[in-house]
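In what follows, a structure is listed as structure tokens, so that the remarks can point back to it.
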2 protein chains.
Amino acid sequence: MNVNEAIDLLKHNGYKATGKRKDILDYFSEQDGYRTAKDLITHLENDNETVSFDTIYRNLHLYKEMGILETTELNGEKHFRMNCAKHHHHHFICNECGRTKAIDVCPMADVKKSLANYAIEGHKFEIYGLCPNCQNN
Amino acid sequence: MNVNEAIDLLKHNGYKATGKRKDILDYFSEQDGYRTAKDLITHLENDNETVSFDTIYRNLHLYKEMGILETTELNGEKHFRMNCAKHHHHHFICNECGRTKAIDVCPMADVKKSLANYAIEGHKFEIYGLCPNCQNN
DNA sequence: TTTACAAATCGGAATCATTACGTTATTATA
DNA sequence: TATAATAACGTAATGATTCCGATTTGTAAA
């Protein structure tokens, strides 16, 4: 997913491509890991943009709903990143810098047989630690 | 892990076995799924106990550190349950009632080879949905 | 290219979970 | 049972997120 794809997706679904929405997309497209709402706000403030919590959170949720961003929750705080899912996969997430590495293993096939009468609605598989880069600090 | 084991563990580590600590253990021992701090507080208030946030959260964290409780984060809220880990496993968690079912599959063995230069510090594998009981409501 | 209006943003207040703190009470043990 | 350390109390503070009424903006049609 890149910025233009996301903007097309917005318009296609009847949403307006506003300045703030583009700013938010720009930010996430140039990051390559999970970032928080606070990270985004700090970035926008450094660019001397006005920032309303309402706008930030409303759009983050919208982007999540539309599959433009993917999210996870770390230390009680929601984290967001551009959706990189051409196909189903999971992530290693660096505890230091938030950068991710895709993991193609998915254990769900092995699991489903043991959950015969259960209605499965979702799953989460994440690995946490330090990426090669952050181990040298 | 049951209440007596937990109390022994407390004393063994130099912690006092206070009334509040026992109340908290009693609550979680009679639940069989993930519960929040709020759930616990409500329960204690219904028993006409005085409840201080400080006491609740301090002890929940203590129990987590000691391995008496295990925790997960759902919808921005920490959830706790008695630790059931005799051996390593994961959980199906019911979105409705919080009850869990143990899953013995762990994908980490398959994953480690693709993370050769990464320092792995932890992982999370959870499955969400409705348990057989909650599908009929 | 203006107009109109639905949709989005703004700014700030409110909420919810969690943490912090100074004081008081309780526990283990000598 | 006296003592000292630990824990609980009550409440205030914090931090992330949500909500709200007023204002502005993007878009499609005139």
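In what follows, chains are A, B, ... by sequence order, proteins preceding strands, each numbered from 1. When reading the values below, keep in mind they use all heavy atoms of this one structure, side chains included, and skip hydrogens, waters and symmetry mates.
In summary, of the residues considered (A:Glu77, A:Lys124, A:His79), a side chain to side chain donor-acceptor pair (under 3.5 Å) with A:Thr72 occurs for A:Lys124 alone. Screening B:Ile56, B:Val51, B:Asp23 for a side-chain contact (heavy atoms from CB on, under 4.5 Å) involving B:Leu40 leaves a single residue, B:Ile56. A side-chain contact (heavy atoms from CB on, under 4.5 Å) with A:Cys106 holds for exactly one of A:His123, A:His89, A:His87; it is A:His123.
The distance between atom NZ of B:Lys22 and atom C1' of C:dA28, rounded to the nearest whole Å, is 12 Å. Straight-line distance from the CD atom of A:Glu77 to the P atom of C:dT19: 13 Å, rounded to whole Å. For the pair B:Leu10 CG and C:dA28 P, the interatomic distance rounds to 10 Å; values are reported in whole Å. One can place NE2 of A:His79 at 10 Å from P of D:dA16, the figure rounded to the nearest angstrom. Nucleotide C:dA7 holds its P atom 17 Å from the NZ atom of A:Lys11, rounded to whole Å. Rounded to an integer number of Å, the gap from CG of A:Leu60 to C1' of D:dT18 is 13 Å. Between B:Phe53 atom CZ and D:dG15 atom C1' there is a gap of 15 Å when expressed in whole angstrom units. We find that CD of B:Glu49 is positioned 16 Å from C1' of D:dG10, with the value rounded to whole Å.
Taking 4.0 angstrom as the limit, A:Lys20 places a side-chain polar atom (N or O) nearer than this to OP1 or OP2 of C:dC10. At least one side-chain nitrogen or oxygen of B:Asn59 sits closer than 4.0 Å to the OP1 or OP2 atom of D:dA8. OP1 or OP2 of D:dT17 has at least one side-chain nitrogen or oxygen of A:Tyr57 nearer than 4.0 Å. Residue B:Thr18 places at least one side-chain N or O closer than 4.0 Å to OP1 or OP2 of D:dA8. For B:Ser52 and D:dA8, the shortest distance from a side-chain N or O to OP1 or OP2 is not below 4.0 Å. Phosphate proximity of D:dC9 to B:Thr50: present, with a side-chain N or O under 4.0 Å from OP1 or OP2. Taking side-chain N and O atoms only, A:Lys16 has no distance below 4.0 Å to OP1 or OP2 of D:dA28.
Put simply, B:Val105 and A:Ile127 are part of the same group of oily side chains (I, L, V, M, F, W, Y) that touch within less than 4.5 Å, one to the next.
Of the N and O atoms on the side chains of A:Lys101 and B:Ser114, not one donor lies less than 3.5 Å from an acceptor on the other residue.
In terms of position along DNA chain C, the nucleotide closest to B:Thr36 lies nearer the 5' end than the nucleotide closest to the other residue of the pair B:Thr36 and B:Ala17.
The two residues B:Ala17 and B:Lys11 make their nearest non-hydrogen contact at CB-CE, 3.7 Å. Residues A:Asn59 and A:Arg21 approach most closely at OD1-NE, 2.8 Å, considering heavy atoms.
Annotated stems with DNA chain C as a participant read C:1-30 with D:1-30, given as range with range, by first number; only runs of 3 or more Watson-Crick or G-U pairs under 3.5 Å qualify.
Taking the side chain of B:His61 as heavy atoms from C-beta on, and the options C:dC10, C:dT18, C:dT19, the nearest nucleotide is C:dT19. The side chain of B:Lys78 has C:dT19 as its nearest neighbour among C:dT19, D:dT17, D:dT27. Nearest nucleotide to the side chain of B:Ala37, out of C:dA8, D:dA8, C:dT18: C:dT18.
Summarising the geometry, atom OG1 belonging to A:Thr50 is positioned 4.0 Å from atom NZ belonging to A:Lys20; distances are rounded to the nearest 0.5 Å.
Counting any heavy atom pair closer than 4.0 Å across all strands shown, B:Arg58 reaches a base atom.
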